[in-house]
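Encoded as structure tokens, the structure appears first; notes follow it.
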Amino acid sequence: MPEQPEQPSSNAVPVIAEGTTLGVVGAGVMGQTLIRGLLNSGVVAREQLWAGDKNGFACEKVARELNIPVEVDFQARVATAGLILVCVKPADAPAVMSTLRSAGLRRDTLLISILAGVSTNMLESLLGTDNPVVRAMPNTPCIVGEGMTVVCRGRNASQADLERARRVFEAVGKCIPLDEIHFNGVTALSGSGPAYQYLIMEALADAGVRVGLPRQLALTLVAQTALGAARMVLESGRHPASLRDDVTTPAGCTIGGLLMLEDGRIRSVLARAVEEATRIAAHLGAAPQKISESASSQRAGR
Ligand SMILES: NC(=O)c1ccc[n+]([C@@H]2O[C@H](COP(=O)([O-])OP(=O)(O)OC[C@H]3O[C@@H](n4cnc5c(N)ncnc54)[C@H](OP(=O)(O)O)[C@@H]3O)[C@@H](O)[C@H]2O)c1
């Protein structure tokens, strides 16, 4: 169940306190997207933002494009941060957590992770401090400001911390708080979801070509139809089956097409795809643990 109604967060809670900074560790695709969203929405002032990445070449390029400090040696900035967004790959989580700890992370700094499959429990134990932790699962349409992000809080994070996280992700789309137990399903449905939608759109565009439409036109028809249908579902609040009935005239072409989709078992194929992705999502978090276990074995000389 959502922790609270699906309403936008309260902007009474500032994302970071005055005099502190917001750091983004991992300035790749998602890190850059979130920085752009934060800058465009004005949720955080440019002077309060910085990023760190281990790739020096990428740092220079991103710093130039976003006009904020992006550094390989970001450790000195960690102690100034009121919020750190961790946007590295799951396998890099142990290294980043250890860097943050040894760089003097303040005890009240909120850590938000977007790492797929890495639980709040695991983040807390990798960090080894009592810092508040929020886990988020965004998706790539954040790039165009139409992202879908789900957030949950770890054991030391308060409702206010969750609201701060919501404000970050609302800068790039919608954000809903949800119990962590549902995160594997969320990863499969909205995290991986854009890929399913692209596949379906590609197949429909091919179908348009098959019946004689130029490819680019077919793709535009399909994409705009998907956008319009999505808005109908979100804005009307009606069940998709009821909206579908509006398009389906007796003995018309739509019912003929729908029956062909049912013959192809489209419902069970989609359900099985999400079921399989959920199963895989449940194992994604295993990698950081294995890495950190092998690191501690090495430290112990085993
Ligand atoms: N893309 C999606 O659809 C999506 C959706 C939801 C969640 N996520 C999550 O978002 C996270 C980031 O994904 P992404 O696609 O943005 O990845 P990405 O483009 O590879 O960006 C990650 C960046 O972090 C850098 N990095 C690695 N280790 C570091 C360290 N120790 N300190 C500082 N920087 C470090 C990487 O440098 P190198 O390239 O040199 O390693 C890279 O530039 C992943 O955990 C993923 O699970 C992604």
Side-chain angles (χ1 to χ4, degrees), residues 23-38 50-63 65-66 68-78 81 84-103 105 111-120 122-123 126-127 133-144 146-152 165 168-169 172-176 178 180 183-199 277-278 280-289 291-292 295:
V24 177
V25 178
V29 176
M30 294 305 285
Q32 287 180 49
T33 296
L34 290 168
I35 295 168
R36 282 202 173 87
L38 288 167
W50 57 267
D53 198 283
K54 70 173 189 206
N55 179 331
F57 178 72
C59 283
E60 265 180 45
K61 183 171 170 287
V62 179
E65 285 173 9
L66 300 180
I68 62 163
V70 185
E71 300 154 327
V72 173
D73 297 319
F74 59 88
Q75 288 81 345
R77 295 188 187 269
V78 169
I84 290 191
L85 259 169
V86 182
C87 302
V88 298
K89 295 285 189 202
D92 295 316
V96 169
M97 297 303 161
S98 134
T99 302
L100 293 176
R101 196 177 50 239
S102 54
L105 183 73
L111 194 100
I112 304 179
S113 157
I114 65 163
L115 279 55
V118 185
S119 67
T120 53
M122 189 176 291
L123 292 162
L126 288 172
L127 196 57
V133 168
V134 166
R135 176 181 174 193
M137 176 44 62
N139 64 12
T140 49
C142 286
I143 295 169
V144 292
E146 290 292 350
M148 181 66 250
T149 305
V150 170
V151 286
C152 69
V168 168
F169 294 103
V172 287
K174 286 194 193 317
C175 181
I176 296 175
L178 196 68
E180 190 164 13
F183 260 57
N184 294 330
V186 166
T187 305
L189 198 56
S190 56
S192 304
Y196 310 147
Q197 302 291 347
Y198 299 142
L199 181 86
T278 304
I280 296 170
H283 298 288
L284 288 179
Q289 194 171 27
I291 290 168
S292 86

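As a basis for the values below, the full set of heavy atoms in this structure was taken, side chains included, without hydrogen atoms, waters or symmetry mates. Position 1 is the first residue of the sequence, and the numbers go up from there. First listed ligand is number 1; within each ligand, the first listed atom is number 1.
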> Out of curiosity, Lys174 NZ to Asn139 CG, how far, rounded to the nearest 0.5 Å?
Replying inline: 12.0 Å
Quiz: residues 96-103 side-chain donor-acceptor pairs under 3.5 angstrom, not counting sequence neighbours:
unit_1 : atom_1 : unit_2 : atom_2 : d
Thr99  : OG1    : Ala95  : O      : 2.9
Arg101 : NH1    : Leu126 : O      : 3.0
Arg101 : NH1    : Leu127 : O      : 2.8
Ser102 : OG     : Ser98  : O      : 2.9
Ser102 : OG     : Thr99  : O      : 3.3

> By side-chain hydrogen bond (donor to acceptor under 3.5 Å, both in side chains), which residues pair with Gln32, not counting sequence neighbours?
Replying inline: none
> So which protein residues pack against ligand 1 under 4.0 Å, heavy atoms counted?
Replying inline: Val25, Gly26, Gly28, Val29, Met30, Asp53, Lys54, Asn55, Cys87, Val88, Lys89, Pro90, Asp92, Val96, Ile114, Leu115, Ala116, Met137, Pro138, Thr140
> Any side-chain heavy atom of Lys54 sitting closer than 4.5 Å to one from Asp92?
Replying inline: yes
> Are the side chains of Ser113 and Val133 in touch, meaning some heavy atoms are under 4.5 Å apart?
Replying inline: no
>> Strictly by salt bridge (charged side-chain N to carboxylate O under 4.0 Å, His left out), give each pair with a member in residues 29-38 just once, sequence neighbours left out.
In response: Arg36-Glu65
